[in-house]
Amino acid sequence: MDNTDVNVVYSVQHQLPLVMYIAQYFFFTGLSAGSFVISVVATLLGRREFKPIGKITAILAPILLMIAPLNLIADLEQPLRFWHLFIFYNWTSPITYGSFLLTAYPIMGIIYAIMVFTNRQTPAKILGILGVPLAISVHGYTGFILALAKARALWNTAAMPTIFLVSAMVSGIGLVVVIAAARWKWFDKDATPEQRQSDKKLITQLATFMAYTIMLDLFLIVSDILVLLTAHSDAYQAGMLILTGNFAPIFLGVEIFLGSIVPMVLVLGPTRKSMKAIVIASILVNIGVYAMRFVMVIGGQTIPLS
Amino acid sequence: MALAQKRYAMVIDMHRCIGCHACTVACKAEMAVPLEVNATWVKIIEKGPYPSTRRFYLPRLCNNCDNPICVRNCPTQASYKRDDGIVVVDPHRCIGCKYCIASCPYDVRYINPFKNIVEKCYFCQHRVDAGLEPACVEGCPTRAMIFGDRNDSKSEISQLLASNATTVLKEEMETGPNVYYIAADETAMSNVENGINYRTEGAFFKLRL
């Protein structure tokens, strides 16, 4: 409430419950889900030139998803009691879905990676098709964690899972582009010139796809903020917090400008043929998505509740 | 409704509250609440331009909601609702994921820095089970806090609820709070802040990384 004649003499505000561990966890699951989806697309299309991308992403997805839950366990106040999640589950809590998804998905990802690396096409394709919904839910549920924490106006929106999924795709493609470009630069010397050419073309195509995904992400963010600004007073406060408040430099400066607009210009603009520009854009995109997780998780909790 | 189903509730009469913080002190002593966290506190605001200015108080505690978001979101069923309506946290079950704190619209849950589990106001369940009143109610010098079974039509609280205009905090959250206020100031009940965002300061400098 905006009342200049009000002075708060005493009130209690407890410490932020969810801190950077959680933002980081969201970032890693996003990377994992994004790279898994790309891997499955590469495997399903089955073209020869997609092979290296399919392999890079197949190994990235389970590794990233094994790092991610470490953040969660480190965040627990009682880390040794994490097994309570599986014994005393509660089906109305999104964290319960998460604890089972986070168990099933890496196992599935490892089996899928073995199939891809041993060139068993049919089982890889079947596992891939089964795995995409799993990958989407393993990241989509994190959006529900925020959306169902009803108290926080910035989180409590139906767009939250979709925003998380789309930004996961963006960061996943970004990471894959960086690694594929590193392979192209340093570990691809034995390949024929035609192969190198087709690899470069593939990286450029991936980057272009990333730029289109960024556009979708920006659309979702703009629509979310528009609705926040026109909804009830808490939502308005949340919208203003990220537009003009303490989180504006990180939201507008890092997430929107550095993490979305600049990469889009680099990838689609006159520098679109340059490998350096593409790699810089992909790194920026990942910084932007990390900033987005930070703004959402920490920013959402900074609006006082009492 | 089940016969004689108890539903504990509290009425806080702001006509009587003098903002003395006796409830805070009683709560701290009874529940061994550590420094920096509070299960009960009195929010104080000053309102209006001079000379027509006034202080308003608002004792705050867990609303022990009928439809608690914290219980719905607790992944281990450590938070649960007793049959008499009191929302409690099982200290042996809680893993400290803090999702309940993030979900609660009233900011009444906290991490006990010594026990490393989530704690909150339990309406002093151990005292209530022994037939006593909660510590804050007993400590209140002006009897501004009245505790009882709101399903028992002969109790003082149900008669107060029947004969007074009452409000609850954040009704729009559909939580069904069980702490009712008589004549509470609307501004004190909303999340006012005087230009300083305490939360944001904590976000940047006090991150527990």
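Letters A, B, ... are given to chains in the order of the sequence lines, protein chains preceding strands, and every chain is numbered from 1.
- The environment of A:Y10 atom OH is dense: over 12 non-hydrogen atoms of other residues, nucleotides or ligands sit within 6.0 angstrom.
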Exercise for the section: Using the side chain to side chain contact (heavy atoms under 4.5 Å, CB included) rule, take A:F88 and B:R93 through it: C-alpha gap first, then chi angles, then the decisive distance, then the call. Expected result: CA-CA 8 Å; A:F88 309 116; B:R93 177 84 56 100; 3.1 Å; yes
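- Not a single donor-acceptor pair under 3.5 Å links the side chain of B:K98 to the backbone N or O of A:L16.
- Within a 6.0 Å sphere centred on OH of B:Y122, other residues, nucleotides and ligands contribute more than 12 heavy atoms.
- Taking SG of B:C97 as the start and CG of A:L18 as the end, the distance is 8.0 Å to the nearest 0.5 Å.
- Options A:A74, A:A151, A:G245, A:P79 differ in how many heavy-atom pairs under 4.5 Å they form with chain B, and the most are formed by A:A151.
- Residue contact with chain A, scored on non-hydrogen atoms closer than 4.5 Å, involves the backbone of B:K115 exclusively.
- By number of non-hydrogen pairs under 4.5 angstrom with chain A, the leading residue of B:E174, B:E172, B:H92 is B:H92.
- By a heavy-atom distance cut of under 4.5 Å, A:P94, A:I95, A:T96 are the residues of residues 94-102 of chain A near chain B, going up by number.
- In this structure, the side chains of B:K170 and A:L305 come closer than 4.5 Å at one or more pairs of heavy atoms.
- Listed for the A:H14 side chain is a donor-acceptor partner under 3.5 Å among the backbone atoms of B:D107.
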Practice task
Step by step, work out the side chain to side chain contact (heavy atoms under 4.5 Å, CB included) result for B:R72 and A:N90.
Solution key: CA-CA 8 Å; B:R72 194 174 71 207; A:N90 173 13; 5.9 Å; no
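- Residues of residues 73-84 of chain B that come within less than 4.5 angstrom of chain A, heavy atom to heavy atom, are B:N73, B:C74, B:P75, B:T76, B:Q77 in numerical order.
- Inter-residue side-chain proximity for A:V9 and B:R55 is flagged as met; some heavy-atom pair is nearer than 4.5 Å.
- Contacts of A:W155 with chain B are made by side-chain atoms alone, with heavy-atom separations under 4.5 Å and no backbone atom involved.
- Contact of A:D234 with chain B is made through the side chain alone, with heavy-atom distances under 4.5 Å.
- The part of B:V71 that comes within reach of chain A is its backbone (N, CA, C, O), which places non-hydrogen atoms under 4.5 angstrom from that chain.
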Handout entry: Candidate pair A:Q78 and B:I117, rule side chain to side chain contact (heavy atoms under 4.5 Å, CB included), full reasoning
Key = CA-CA 7 Å; A:Q78 296 280 355; B:I117 49 161; 3.8 Å; yes
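- Only the backbone of B:R109 comes within contact range of chain A, with heavy atoms under 4.5 Å apart.
- The main-chain N or O of A:I145 is found under 3.5 Å from a side-chain atom of B:Y99 such that the two form a donor-acceptor pair.
- Rounded to the nearest 0.5 Å, atoms NZ (B:K43) and CD (A:Q13) are 8.5 Å apart.
- No more than 12 heavy atoms of other residues, nucleotides or ligands lie within 6.0 Å of CD in B:E36, so this atom counts as exposed by the packing criterion.
- Chain A forms more heavy-atom pairs under 4.5 Å with one residue of B:A188, B:S103, B:C70, B:G19 than with any other, namely B:S103.
- Heavy-atom pairs under 4.5 Å with chain A peak, among B:I95, B:I45, B:L58, at B:I95.
- In this structure, chain A has a heavy atom under 4.5 Å from the side chain of B:I69, while its backbone stays farther away.
- Judged by distance alone, with hydrogens and angles left aside, the side-chain atoms of A:R81 form a donor-acceptor pair with the main-chain N or O of B:C94 at under 3.5 Å.
- A:L70 pairs by the side-chain contact (heavy atoms from CB on, under 4.5 Å) definition with nothing, not counting sequence neighbours.
- Contact count against chain A (heavy-atom pairs under 4.5 Å) is highest for B:A102 among B:C104, B:A102, B:G48, B:C100.
- Of the inter-residue distances, the one linking B:N112 atom CG with A:E77 atom CD reads 10.0 Å to the nearest 0.5 angstrom.
- In this structure B:Y181 satisfies the ring pair (Phe, Tyr, Trp, His ring centres under 6.0 Å) test with no other residue, sequence neighbours excluded.
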